[in-house]
Undergrad: 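This is the structure I want to talk about, given as structure tokens.
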Amino acid sequence: MRRFVILTIIILTFISGFAFGGAETVSAVDAEEPEIDTGDTAWMIVATALVMLMTLPGLALFYGGLAKRKDTLNTMAMSFATYCIVSFLWIAYGYTFVFGPDIKGFIGGTEKLFLSGVGVNSLSTTIPEFIFVVFQLTFAAITVALASGAFIERMKFSAWVFFTVLWMTFVYLPVAHWVWGGGFLAKLGALDFAGGTVVHINAGVAALVGALVLGKRREAALKPSNLTLVVTGAGLLWFGWFGFNAGSAVAANGLAGAALINTNMAAAVAAISWMFTEWMHTRKPTVLGLASGAVAGLVAITPAAGFVNISGSVVIGILAGILPYFSVATIKPKLGYDDSLDAFGIHGVAGTLGAILTGIFADPAINDAGKGLLYGNPGQLITQLIAAGVTIVYTAMVTLIIFIIIKAFTGIRVEAEHEITGLDESQHGEKAYSL
Amino acid sequence: MRRFVILTIIILTFISGFAFGGAETVSAVDAEEPEIDTGDTAWMIVATALVMLMTLPGLALFYGGLAKRKDTLNTMAMSFATYCIVSFLWIAYGYTFVFGPDIKGFIGGTEKLFLSGVGVNSLSTTIPEFIFVVFQLTFAAITVALASGAFIERMKFSAWVFFTVLWMTFVYLPVAHWVWGGGFLAKLGALDFAGGTVVHINAGVAALVGALVLGKRREAALKPSNLTLVVTGAGLLWFGWFGFNAGSAVAANGLAGAALINTNMAAAVAAISWMFTEWMHTRKPTVLGLASGAVAGLVAITPAAGFVNISGSVVIGILAGILPYFSVATIKPKLGYDDSLDAFGIHGVAGTLGAILTGIFADPAINDAGKGLLYGNPGQLITQLIAAGVTIVYTAMVTLIIFIIIKAFTGIRVEAEHEITGLDESQHGEKAYSL
Amino acid sequence: MRRFVILTIIILTFISGFAFGGAETVSAVDAEEPEIDTGDTAWMIVATALVMLMTLPGLALFYGGLAKRKDTLNTMAMSFATYCIVSFLWIAYGYTFVFGPDIKGFIGGTEKLFLSGVGVNSLSTTIPEFIFVVFQLTFAAITVALASGAFIERMKFSAWVFFTVLWMTFVYLPVAHWVWGGGFLAKLGALDFAGGTVVHINAGVAALVGALVLGKRREAALKPSNLTLVVTGAGLLWFGWFGFNAGSAVAANGLAGAALINTNMAAAVAAISWMFTEWMHTRKPTVLGLASGAVAGLVAITPAAGFVNISGSVVIGILAGILPYFSVATIKPKLGYDDSLDAFGIHGVAGTLGAILTGIFADPAINDAGKGLLYGNPGQLITQLIAAGVTIVYTAMVTLIIFIIIKAFTGIRVEAEHEITGLDESQHGEKAYSL
Amino acid sequence: MKKVEAIIKPFKLDEVKDALNAIGINGMTVSEVKGFGRQKGHVEVYRGTEYEVNFLPKSKIEVVVPDSIIDKVISTIIEKAKTGNIGDGKIFIHSLEDVIRIRTGDKGEAAI
Amino acid sequence: MKKVEAIIKPFKLDEVKDALNAIGINGMTVSEVKGFGRQKGHVEVYRGTEYEVNFLPKSKIEVVVPDSIIDKVISTIIEKAKTGNIGDGKIFIHSLEDVIRIRTGDKGEAAI
Amino acid sequence: MKKVEAIIKPFKLDEVKDALNAIGINGMTVSEVKGFGRQKGHVEVYRGTEYEVNFLPKSKIEVVVPDSIIDKVISTIIEKAKTGNIGDGKIFIHSLEDVIRIRTGDKGEAAI
Ligand SMILES: Nc1ncnc2c1ncn2[C@@H]1O[C@H](COP(=O)(O)OP(=O)(O)O)[C@@H](O)[C@H]1O
Ligand SMILES: Nc1ncnc2c1ncn2[C@@H]1O[C@H](COP(=O)(O)OP(=O)(O)O)[C@@H](O)[C@H]1O
Ligand SMILES: Nc1ncnc2c1ncn2[C@@H]1O[C@H](COP(=O)(O)OP(=O)(O)O)[C@@H](O)[C@H]1O
């Protein structure tokens, strides 16, 4: 443990060096304020706060309530610590590697290391760049946190801290650059309005790979300790997702409105669709089913929110309630991998679904940047498949390497006894409830 | 159950037909963008998200925490499922029946079925119409969900699903059209800023009728299983209510500011007033009392928020802490109906109170659209009484018919044994806590 | 109890007199609307709602989850009741005593008692004054509520109600006027962007004094009953703090952006810094540590958020994770006072830290209103020390007097038996969980 | 003295308690237990996967009584706790060596 | 061997445990129970309606001891658990046929 | 008839239950208890202050069996609950005066 702590401090101190090197020049530039729009700015501050809320406490509650009682806090800690670590690293170097000047389509340049040159008056289109930076930060944070759902109830907390640093750096940053930072997938014309590929496929595939490397838990069953937390988490995720999707318009305009209505529709339809699928399949409509369906719908609409029309969002919602259901209820048990909370089964599957359907349903009447198969552009579907495929392959490979490195360095799995008595006690020395 | 599922799917598929029929024309119209205001738009996206949050997880927590442990999830599922179902139906036909061109003061026309003709550039005053549509959607959803408070711990979940569809269609839509869609009550001059009549009287009366039809629970006592959820829910409701009331200005302006300050004042004063009433009546100020008072105050100020001045909001708050208290603590036990969570006792009573007091305290200096008795216009009070009366009578009648239909079709009450062991297990096969 | 209730009602009725006296003139003035900005207005409505959320349910959950099971509701009730009482008193006289015309640098004038003269069209810079009034209200409320953390598990609820009224009136109002209302500390040039001095030092010192007067609890240990509530509360506090700090720009502009990014950075860094400090000190990184660190970071950045650059926020964050940690883990046990939930240890210590560091790191490139030691203005540091010192001395003295008065009047501590069986039962006749 | 230990369905607890009270028993101790017996449990389904929950919630009543009224106590419990369905529960009778009231130090039947 | 079963006020649990520890008892089992007795319960009020809560939280300590020290154990419990108020609780003494330590298979007093 | 009371580690509960089931025991009652013994507890740390948690979660199984199969029951429990580490728990054997099945009124061994 000590070895780990010291190493981490060294890394952090090292990184902080940049901060203070750059300190004098920070915010010295960009004194003019050409076109700030207070309405867009107002919306984007709020959208940022909303996406922050998705990770903390949104995802922490959603995942924590699904965990066993004895692992609840550890599960929450994974989201909590990740949000904090990514917050720092994103400013330190994440932002520049994604949104800095494009280097051969692969990564952003180092120009804005520690936000060098970004000042209080810098703008990103019509809003202060500081706000854009934090908005994007919240996406990076939740992407990493999502993957934790597949690893809980057996992963060392120190290993998770390392995973956060390495995976955010070597997987999230390049992929986000490719799609959103002007990288090669962007140039190819891949559509990803709010992160189907960058966030959900990415996190979902990492989840699957990690689950395979970690192996099965001793008690590999989903037996939620507190479903009231799950409902609360689902509600906060839905609420926050308005910021995620409608915020991805980066303005308070009609496109944000379209993303808003599509997001709500797909989530609602997917929840109903999952509920009825389950009702017919196992004879009971569960509350966990409603929550899972809603999340699957939100995931699937994410890449499409600012491209499709309402009919598109309905179809996406219906499918998002069915495919992920069977992927977790039928396929997972058959294949036998232990994706504890279905991070792959829901985010990976629904994310891929959404990315593909965006290539089909993108309606130029909503957003002329996107024209799908149904509107006469079959090439878009191919592009979507390429973007998803590239991401899946890259993420799978690098995630595997990262896990191997961490395994060698600190180990990835807690001792059997600690797994049985629960990670809350062994990793944190706490217990969730003393009721 | 199977019969029910199949039927529901048929209905949904049928309705979806409209969607795809209309798909090509969606968003083809309204290409000009005359007067979008980004500030108003920013506020209204957020207001929409806030009202969404009120139902999920706000109301789900408030009601779920008040339910018995064994019925907690079912109670939460009622709000959850309703939000999803109404989300779909509102877009399918709800919006057009409320806000479509008025047909003889009674209902909106079918012009905007499945939002036909509403595009990314369509505006509703200064904001994208898509946003206005979703904002209004959230009101429809919470109105239905509110009524569930009177039915919990004994109603079949399938019956509740049917109730949602039928009641939203045959009660909410016409009443909302009458008051907000240019219907006959609007023409009469009835004042209802954010839904005292449309939302609270409406839901409250439905709650009472349903409670009478359903009959008493075997254990007809309010013994909250988790008051921390109730406080959380009350806090989120209060927070969301700023969107509900200040959002009903449909702009970021002084009127929204007035609604904001009135809302906070009435909620706070009602919480204190309930607390002291209780303190004197039963010798203890309870946390549930604070929460109940706050909600009663929020309900009562709803119709008045954009019409009254601060003194008005104080009076409304004081009375909202007293009348509903006695209605639930004294009158309910005497009359003996089993309104499980006081959906009538709080929403019905405080909603009526607010509707009437709006006719008294509406101050033209706040909003020249409303002038109450105190400012020399006794006619307004009469109008308010008529609007409330019409709504009460109509809702009571149609709700009764709906319950009779559902009773005939699927039955409305679970078996006695299931009621005793709890609806979570019998209706959903889950349990809320495994602690 | 009865004596207390009657007295309170008399006080409230008396105060209400103003309301109705002023009723006719309310909102008659300020008919012109020179420069409302809808974007700023949109942001400030939301910021207000966010800060409201911090107290209810944010702080109620954070504190409630840390309390023992048997005292959970009482702890939540303290925040809840305080928010309501302050809401009323702020409008009644709080606003005018803080923001009314300055009287000799010490207090605001009575001009706006019960918001006399403030109408729907009154503006405060670019936003409706009503919104500014409520925004400021939420600060007053949370300041009082914060202090409760040191008093829980032994203070009479009636004593807390009195404390709220007296302390808000005689401590919060003058101090807020001195710093924000144009009082003598403002004139001196003290920097306090969002309330390091007014809110956190103020509440922290009151907490310490109260803890000393109340004495130790019988079971003076922090044994959290429900850490899932604590994580939820911490998440909501962080989310709300964006409104607190970025809202203190009172506009949707670059300064709000700077406050946003600094706030997130300091919170994240402090959480990590606390976690690692603890990891080395006690061998376990706790979830409570993450949450405590985040709150300490948020507190420390509060006065600095709109003055420092990112490097400043990193340093503030690092220190905020270390100093408060040792103050609660090492110093408190040594000195032996019973600050139940470390309201002084976190808010007092981190608030003072932040106030001082603002004097060092204030960067005129971020905000030309503030220039710290590092940028060549050592005088600012002196000013900060003076402002903090004055506040500490004043608060300590007046809080002591208030406690003495309440002790004489109603007593401040519950009977030993009630303390052992829990305040939920003795003060409220309820219990938090029936699971 | 005897200790009567009855495992019953939780929703019958109040009735049994009141009936025992009515026949003059003014002390008992109750705990929540999980029962496993002929009555089969129920099924919980999470994300399509079913789990059988074998253990059913039961209430255990422990009441110490003088030998003289043991039959009355048993018949009262049976009368009130019986639904006639599987899972109604069991009554176990132990003999007890001594009882002491902590407050007074009384021993034996006087302490009950 | 005897099994001593003591129903006490929960806030006395730690004291009793420490005292038993001090006289050399190094094993016991504790559970949370609800007690019903002379001590009356409290009232909870939800939205103006009062409910009497009859059952009070109590702690049940079970400790198995050799016959030789039974009196010391009882007097220790009484001393520490007594407040002198109604509701202090009861001690029940059972004789036990056998005790087995699962880890070693030891039987009888050796297993305690 | 005997009542066998076994205090075991909670994560062994399912195994023990299944094994008892397999040897024909089809009724038992389980409760969650806190154990105090040779096995020492763990430490919780809140804001830098450490607390020792002495009580460990244990499961108590109560099963009433005819005298004839008592040895088999004991050996089955030992076999399944044993990990060989401190804290494996204890088995206590009581003799029982009578058992009654509430549903039918059956008494004695027939009621088990
Ligand atoms: N042999 C036993 N030992 C201990 N408890 C038992 C035994 N048999 C039954 N029980 C308890 O009695 C409850 C009811 O038993 P069950 O077999 O379901 O119904 P019935 O007694 O009506 O046949 C069980 O849930 C269990 O708690
Ligand atoms: N006859 C009994 N059988 C089982 N438990 C009993 C009996 N009498 C009392 N108890 C337990 O002892 C507790 C204290 O008893 P009570 O009558 O309140 O006080 P006291 O023992 O001081 O007279 C009760 O709450 C109950 O748990
Ligand atoms: N004398 C006793 N009376 C009652 N319960 C006991 C006694 N001794 C041990 N126990 C129970 O058995 C459990 C295991 O005992 P412990 O001493 O930790 O391990 P071991 O039995 O392996 O030596 C304890 O946690 C406690 O619940």
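Throughout, protein chains are lettered first and strands after them, A, B, ... in sequence-line order, and every chain is numbered starting at 1.
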Undergrad: So for Val231(A), is it side chain, backbone, both, or neither that comes closer than 4.5 Å to the heavy atoms of chain B?
TA: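 Both parts, backbone and side chain.
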
Undergrad: Among side-chain atoms of Tyr325(A) and Ser273(A), is any donor-acceptor pair under 3.5 angstrom?
TA: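 There is no such pair (donor and acceptor under 3.5 Å, judged by atom type) between the side chains of Tyr325(A) and Ser273(A).
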
Undergrad: Quick check on Val46(A) against chain B: is it the side chain, the backbone, both or neither that has a heavy atom closer than 4.5 Å?
TA: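 For Val46(A), the contact with chain B is made by the side chain alone.
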
Undergrad: Can you say whether Ala294(A) sits under 4.5 Å from chain B via the side chain, the backbone, both, or neither, judging by heavy atoms?
TA: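 When you check distances to chain B, only side chain atoms of Ala294(A) fall under 4.5 Å.
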
Undergrad: With only heavy atoms counted, which part of Ile127(B) is less than 4.5 Å from chain A, the side chain, the backbone, both or neither?
TA: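 The answer is neither part of Ile127(B).
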
Undergrad: Going by atom types only, do Thr263(A) and Asn245(A) share a side-chain donor-acceptor pair under 3.5 Å?
TA: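 Per modelled atom types, Thr263(A) and Asn245(A) side chains form a pair under 3.5 Å.
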
Undergrad: Look only at the side chain of Lys68(A) and the backbone of Ala221(A), and say whether a donor-acceptor pair between them is shorter than 3.5 Å.
TA: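 Yes.
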
Undergrad: Using heavy-atom distances under 4.5 Å, tell me whether Leu435(B) contacts chain A through its side chain, its backbone, both, or neither.
TA: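 Both backbone and side chain.
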
Undergrad: Return yes if some donor-acceptor pair links the side-chain N/O of Asp71(B) with the main-chain N/O of Leu423(B) below 3.5 Å, else return no.
TA: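 Answer holds: yes.
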
Undergrad: For Tyr433(A), is it the side chain, the backbone, both, or neither that has a heavy atom closer than 4.5 Å to a heavy atom of chain B?
TA: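 For Tyr433(A), the side chain is the part near chain B, not the backbone.
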
Undergrad: Hey, can you tell me if Phe163(B) and Trp160(B) have their rings parallel, tilted or perpendicular (30° and 60° cut-offs)?
TA: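 Parallel.
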
Undergrad: Examine whether an atom of Leu236(A) lies under 4.5 Å from a heavy atom of chain B, and if so say whether it belongs to the side chain, the backbone or both; otherwise answer neither.
TA: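 Both parts, heavy atoms under 4.5 Å.
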
Undergrad: At a 4.5 Å cut-off on heavy atoms, which part of Pro57(B) comes close to chain A: side chain, backbone, both, or neither?
TA: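 Both parts, backbone and side chain.
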
Undergrad: If we ignore angles and hydrogens, is there a donor and acceptor under 3.5 Å between the side chains of Trp90(B) and Thr138(B)?
TA: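 Their side chains do not contain a donor-acceptor pair, so the 3.5 Å distance test is not met.
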
Undergrad: Using a cut-off of under 4.5 Å for heavy-atom pairs, which of Thr126(A), Leu290(A), Asn226(A) has the most such pairs with chain B?
TA: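 Maximum pair count with chain B is reached by Leu290(A).
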
Undergrad: Hey, what's the ring geometry for Trp279(A) with Phe276(A), parallel, tilted or perpendicular (30° and 60° as the breaks)?
TA: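 Parallel.
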
Undergrad: Considering only heavy atoms, which portion of Leu73(B) lies under 4.5 Å from any heavy atom of chain A: side chain, backbone, both, or neither?
TA: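 Contact with chain A is through both the backbone and side chain of Leu73(B).
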
Undergrad: Between Ala42(A), Ser225(A), Gly235(A), Ala291(A), which residue shows the highest count of heavy-atom pairs closer than 4.5 Å to chain B?
TA: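 The candidate making the most pairs under 4.5 Å is Ser225(A).
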
